[in-house]
Undergrad: 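Dumping the structure here so I can ask a few things about it.
Labels below follow one simple rule: chain letters A, B, ... track the order of the sequence lines, proteins then strands, and each chain is numbered from 1. Treat the numbers as computed from the prediction; the structure is a model and nothing was measured.
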Protein chains: 2
Amino acid sequence: MAKKATRAAERREDALSRERIVEAAIELLDEEGESGLTFRALSTRLATGAGAIYWHIANKSELLVAASDAIVLRALADVGDRASPRKTVRNIAAGLFDAIDAHPWVGAQLYRAPWQAAMLQVFERIGRQLQALKVPAAAHFRSASTLVSYIVGVSVQNAANGRLFDPPVDREEFLERVADRWKALDADEYPFTRKVATQMRKHDDRAEFLGGIDLILAGVVRSS
Amino acid sequence: MAKKATRAAERREDALSRERIVEAAIELLDEEGESGLTFRALSTRLATGAGAIYWHIANKSELLVAASDAIVLRALADVGDRASPRKTVRNIAAGLFDAIDAHPWVGAQLYRAPWQAAMLQVFERIGRQLQALKVPAAAHFRSASTLVSYIVGVSVQNAANGRLFDPPVDREEFLERVADRWKALDADEYPFTRKVATQMRKHDDRAEFLGGIDLILAGVVRSS
DNA sequence: ACCTGAACACCGTTCAAGT
DNA sequence: ACCTGAACACCGTTCAAGT
């Protein structure tokens, strides 16, 4: 945490740094997708040699972790603590949902490095709200990890949906197409899915997601 | 579905086929991990040329989807329908949890191809139990997708935990080490996480997971 | 129809050499 | 201390040529 207290002014504007590399990686991932992040493309963007990056970052895996950590931590930083505990949980959930929706590549990363900086912060922030809600201490771990699992799971899945079709389509058309696919399923093998196809087409992922949070929160508080 | 009704006897024992390729891919993934699946290793194992595989399968992405679909569908097939709806949901959840735990590489795949064959089957099977539980039709889609998201999310995360340390450690030691790490966290920044470290060390992921299912199921039925 | 394996266009990573 | 960029050991995928 206490790195170096040296004058920031000394830094050359164009000097390479871990942060600048991570920032460029995020841009590349957002613009080109996961396959767009290569050390060659990255070094071109940073106007340096491919090997220079290795002076600041151990390898690609570490770079991906750093990039997704940055996104998650930024999203968490944007969520205040002043609202009621219930509302704060909803805000954290919505913040993550939106951040992962905007940067879908974060999803894969969160699962590759669980309990790392980013996930741990989510867990901590959620946990504090549970304390404020007077959830009994014995249920703290279970409640917090259920919520975190749900939040991350749904957010990642929602973001993945956006890439189901190639070329990508907007939400409206996406739902239309999946609904059509569901309606065309075999009547004997998929009676349930066929029936809910219309419901699916009209649903709002984000609203349903927040509904799910309320549902789990209700269960957590009630069963305490 | 109605492919070719020709005599199966005609097939040479050693002939390449989509199934044989998928089976070999699963073995490779289980033995060597995701990075172990290359077309070179695969063709060596199948005693053929690298290009031969492309006659049966379009590309690596399709191969990964086929391999993870196979694992999930097999797990679902092992779950009966005879128990009570509630119990069947638990059984499906437990079956997926165990399957993904045994084949951790499946996790990444499920998110890459959502609403594909495998996930759709999970959704359908869960949905039918909700119908049996008399959940009102209007809540069908929401309830089923909440459950599926939770089941897949937790299972994938649990499987990812197994690879947090390198070299891999057993469950006991894993929990011990994470707990130690949590206890060493900054007291001001991570008060909640520090406090639940001991709870974490003693918890049983699988049991908590099934507890979470009951919790959501209770919420689904009650709020109907 | 199905298989072979060399060839192509990429990768991540290393490292001697520079400043 | 930090950067360069060629070189190495890989990849996935294609495709002319075989049977």
Side-chain angles (χ1 to χ4, degrees), chain A residues 3-26 28-29 31-68 105 108-109 112-113 166, chain B residues 3-26 28-29 31-68 105 108-109 112-113 166:
Chain A
K3 282 264 173 63
K4 32 178 166 174
T6 44
R7 298 139 292 174
E10 216 175 58
R11 247 190 285 143
R12 270 178 305 146
E13 238 300 75
D14 62 333
L16 219 48
S17 68
R18 196 184 153 90
E19 295 107 80
R20 275 197 66 216
I21 293 171
V22 170
E23 221 46 53
I26 290 173
L28 221 34
L29 286 162
E31 290 167 23
E32 320 269 358
E34 271 166 279
S35 68
L37 179 65
T38 68
F39 278 80
R40 268 157 253 253
L42 194 57
S43 59
T44 302
R45 184 173 284 242
L46 290 165
T48 181
I53 296 163
Y54 284 89
W55 184 263
H56 301 274
I57 273 168
N59 50 43
K60 188 169 183 177
S61 167
E62 192 188 300
L63 178 57
L64 279 163
V65 171
S68 72
W105 49 269
Q109 224 27 59
R112 214 160 291 155
D166 187 53
Chain B
K3 282 266 174 66
K4 31 178 168 176
T6 45
R7 297 140 292 174
E10 217 177 56
R11 244 190 289 144
R12 272 179 304 146
E13 239 297 77
D14 63 334
L16 219 50
S17 69
R18 198 184 151 88
E19 296 106 79
R20 276 196 65 216
I21 293 170
V22 171
E23 221 45 53
I26 290 174
L28 221 35
L29 286 162
E31 291 166 23
E32 320 270 356
E34 270 165 278
S35 67
L37 179 65
T38 69
F39 277 81
R40 268 156 252 255
L42 194 56
S43 58
T44 302
R45 183 173 286 240
L46 290 165
T48 183
I53 295 164
Y54 283 88
W55 184 263
H56 301 273
I57 273 169
N59 49 45
K60 188 170 184 177
S61 167
E62 192 187 300
L63 179 57
L64 280 163
V65 171
S68 73
W105 48 270
Q109 225 26 60
R112 214 159 293 157
D166 186 53

Undergrad: Do L42(B) and L63(B) touch side chain to side chain, with heavy atoms closer than 4.5 Å?
TA: yes

Undergrad: Minimum heavy-atom separation for A41(B) and G36(B), please, with both atom names.
TA: CB-O, 3.9 Å

Undergrad: In chain order, what residues pass the side chain to side chain donor-acceptor pair (under 3.5 Å) check against E32(A), with sequence neighbours excluded?
TA: none

Undergrad: Just need the stems in DNA chain C: three or more back-to-back Watson-Crick or G-U pairs, each with both distances under 3.5 angstrom, sorted by first number.
TA: C:4-8 with D:12-16, C:12-16 with D:4-8

Undergrad: What residue pairs, at least two apart or across chains, pass salt bridge (Lys or Arg N to Asp or Glu O under 4.0 Å) with a residue in residues 50-65 of chain B?
TA: R18(B)-E62(B)

Undergrad: Any salt bridge between E34(B) and R112(A), counting N to O under 4.0 Å?
TA: no

Undergrad: Give the minimum heavy-atom separation between V22(B) and A66(B), together with the two atoms involved.
TA: CG2-CB, 3.8 Å

Undergrad: Mind calculating the distance between CZ (R18(B)) and P (dA1(C)) to the nearest angstrom?
TA: 19 Å

Undergrad: Rounding to a whole Å, what distance do you find between L46(A):CG and dC2(D):P?
TA: 16 Å

Undergrad: When the distance from CZ of R20(B) to P of dC2(C) is rounded to whole Å, what number comes out?
TA: 14 Å

Undergrad: So T38(A) and L28(A), side chain to side chain contact (heavy atoms under 4.5 Å, CB included) or not? Walk me through it.
TA: CA-CA 9 Å; T38(A) 68; L28(A) 221 34; over 6 Å; no

Undergrad: What are the two closest heavy atoms between A24(A) and L46(A), and how far apart are they?
TA: CB-CD2, 3.8 Å

Undergrad: Can you list every pair that meets ring-ring contact (aromatic ring centres under 6.0 Å, His included) and has a residue in residues 34-61 of chain A, with sequence neighbours left out?
TA: F39(A)-Y54(A)

Undergrad: Under 4.0 Å between a side-chain N/O of W55(B) and OP1 or OP2 of dC2(C), yes or no?
TA: yes

Undergrad: Do R40(A) side-chain atoms and A50(A) backbone N/O form a donor-acceptor pair below 3.5 Å?
TA: no

Undergrad: Return the value, rounded to whole Å, for the distance between atom CD1 of I57(A) and atom P of dT13(C).
TA: 11 Å

Undergrad: Starting at atom CG of N59(A), determine the distance to atom C1' of dG12(C), rounded to an integer number of angstrom.
TA: 9 Å

Undergrad: Taking all non-hydrogen atoms of both residues, which atom of L29(B) and which atom of A67(B) are closest, and how far apart?
TA: CD1-CB, 4.2 Å

Undergrad: Check the distance between dC11(D)'s C1' and K60(B)'s NZ and give it to me in whole angstrom.
TA: 8 Å

Undergrad: Protein within reach of the bases, or only the backbone? For nucleotides 14-19 of chain C, mark each nucleotide 5' to 3' as B, S or -, using heavy atoms under 4.0 Å.
TA: BB----

Undergrad: Could you identify which residues of residues 34-43 of chain B place a heavy atom less than 4.0 Å from some atom of DNA chain D, listed by residue number, or say none?
TA: L37(B), T38(B), F39(B), R40(B)

